[in-house]
Amino acid sequence: MKLVEGAPTEAAIGEGWVASDRMFEVHSPFDQALLATVTDCQPEHARDAADQAVKAFAAWKKTTPFERSAVLRKWYDLILAKQDVLARLMALEMGKPVTEARGEVRYAAGFVEFYAEEAKRVHGETIPSQFAHKRLFATKQPVGPVYAVTPWNFPAAMITRKAAPALAAGCTMIVKPAEQSPLTALALAALWRDAGGPAAALQVLPCRDPVPVSRVLIDDDRIRKLTFTGSTEVGIKLYGQVSQTVKRLSLELGGHAPFLVFDDADLDQAVREVSSAKYRNTGQTCVCANRIYVHERIVAEFVERLGAATAALKVGDPLDAATQIGPLVDRDVFGKVSAHVADAVDKGARLVTGGKPLGGTLFAPTVLAGVDPAMRIMREETFGPVAPVRAFRDEAEVVQAANDTRFGLAAYLWTKDLSRAFRVSEALDYGIVGVNDGVPSTVQTPFGGVKHSGLGREGGHWGIEEYLDVKFISMALQRGT
Ligand code: SIN
């Protein structure tokens, strides 16, 4: 059953769209409206998809990079042409404010455009030999069929950030989208087919319970890579499971980003960048600022200005173009956000603004002052619109506090002092550092973390390497006559 336009509701398996007796419902997190009932894939669907992905790989890997590039380019054009439809789907199924969702569609399409070009730049090497009759080469080949597990917070971009480089490299991919956001994934698969892409090269298996479906694909020796974006807890389990079939692995896991504001900061600009880093996607990104450290000389003024900017954010219906903060995706996320705020206030934090539910899963954007390291919010990823602010005294102390976590995805700092910008960005144990920049992600740069935030990089020329194996060819020449 389909109540919203723009997306199929059946699984994209092989050449077809596969319906099933078992379906699951997709609801809007804003008003709980039923949006669609979608095929609930089971292990047998996963086995079928694996067979199809293997068959499709045999043909797709033999196409030239120029042929693959042309299909990707067409997919890019179609995604952009459907920008409004895709943005609306995301606003409906996971609550992203529609203006921001349009930005996500452009971000998602950007990966497809980038890898359409990058397909043609997968170069090998010739290696000097100590033997006169030998020629040595290193070439690259696609790793094989890939299994991708994607999150709900970027229903389009986290698919294209994986699928575009994989398909450009000559791999095929089976995507298991998050149960909260299957419709955008299915819409992208439909556009891939419309672009002339082989249907079985990009299959989508929606399911309510990912475990049995994932088990089939993880245990299948023919699937040669797993790429996962999601929580560190699930990532650690998957890391163990893929070892049994020695798959290649990319993990983009949780974060707990610190934002360091030094006392030379331009306060208006610092507040603007902290707000972008914090409230983007209603605080539901892995790179959202989770802890804000502000120099003690300016902290009072900063808190006042951040509080005013936060109180002015427009909260509400994600389909309203003026909305800046939408609903949290579900009750679990809402529960954790509420618990972090309650814990901080119980332990002595001051509520500057927000801190309360606004109906359904809407949560008022919140600023907390006077937080301390014993509070949950200073140790765990919140994934919601809450900005805890703590004062610091000097650079060494704040760098130590910023690094005192098992996470290492993104960190930010604001300073006008060039030497400090270098010193601190080098000292932060993170995969991404934004200097005076609260939104550093772009398609052509490496995205990924260190420590418990993951393995591998997505985006840029690094992103396609994750889908390529190096093959060494040694060629001995016959003696000439
Ligand atoms: C994420 O939250 O995993 C992605 C955020 C981004 O691409 O900036």
Side-chain angles (χ1 to χ4, degrees), residues 86-87 90 94-97 100-115 148-165 175-178 180-181 184-185 188 227-235 238 250-259 273-290 326 328-329 333 336-337 380-386 407-412 430-435 437-460 462-463 466:
L86 292 167
M90 288 191 269
M94 55 70 66
K96 183 168 304 209
E100 195 174 344
R102 279 196 204 99
E104 179 180 341
V105 180
R106 291 192 293 277
Y107 185 40
F111 289 107
V112 180
E113 182 192 36
F114 184 86
Y115 289 107
V149 180
T150 59
W152 49 262
N153 64 342
F154 287 82
M158 294 306 103
I159 291 180
T160 57
R161 189 154 83 183
K162 297 176 189 308
V175 178
K176 202 282 308 153
Q180 295 91 338
S181 59
T184 309
L188 287 172
T227 172
F228 170 71
T229 295
S231 72
T232 295
E233 286 61 38
V234 174
L238 293 173
S250 301
L251 297 174
E252 203 268 90
L253 306 178
H256 185 40
F259 200 128
E273 293 305 319
V274 167
S275 297
S276 308
K278 175 67 261 181
Y279 298 118
R280 193 179 155 219
N281 205 21
T282 311
Q284 300 169 116
T285 88
C286 309
V287 292
C288 275
N290 215 70
L328 294 164
V329 74
V333 173
K336 188 173 187 196
V337 170
E380 300 170 22
E381 185 176 38
T382 307
F383 237 63
V386 185
F407 296 107
L409 185 55
Y412 307 86
Y430 287 82
I432 302 165
V433 178
V435 180
D437 181 3
V439 186
S441 312
T442 56
V443 299
Q444 70 275 26
T445 53
F447 187 101
V450 298
K451 303 198 299 193
H452 288 219
S453 289
L455 298 175
R457 292 293 178 271
E458 295 185 320
W462 302 268
E466 302 278 327

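Counting convention: from 1, in listed order, for ligands and their atoms alike.
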statement: salt bridge (charged side-chain N to carboxylate O under 4.0 Å, His left out) pairs touching residues 150-164, sequence neighbours excluded, are Arg161-Glu252, Arg161-Glu458, Lys162-Glu458
query: Are Trp462 and Tyr115 an aromatic pair by the rule of ring centers under 6.0 Å?
result: no
- line: Looking only at heavy atoms, the pair that brings Leu328 and Phe383 closest together is CD2-O, 4.1 Å
- request: Report the C-alpha separation of Thr227 and Val149 in whole Å, then their side-chain angles, then the decisive distance to 0.1 Å, and conclude whether the side-chain contact (heavy atoms from CB on, under 4.5 Å) test is met.
  value: CA-CA 6 Å; Thr227 172; Val149 180; over 6 Å; no
- request: Start with the C-alpha distance between Lys96 and Glu104, add both sets of side-chain angles, then the distance that settles salt bridge (Lys or Arg N to Asp or Glu O under 4.0 Å), and finish with yes or no.
  value: CA-CA 9 Å; Lys96 183 168 304 209; Glu104 179 180 341; 2.5 Å; yes
query: Is there a side-chain contact (heavy atoms from CB on, under 4.5 Å) between Val433 and Val435 once you walk through the steps?
result: CA-CA 6 Å; Val433 178; Val435 180; 4.2 Å; yes
query: Near ligand 1, which residues have a heavy atom under 4.0 Å away from one of its atoms?
result: Tyr107, Asn153, Phe154, Met158, Arg161, Glu252, Arg280, Thr285, Cys286, Val287, Ser441, Phe447
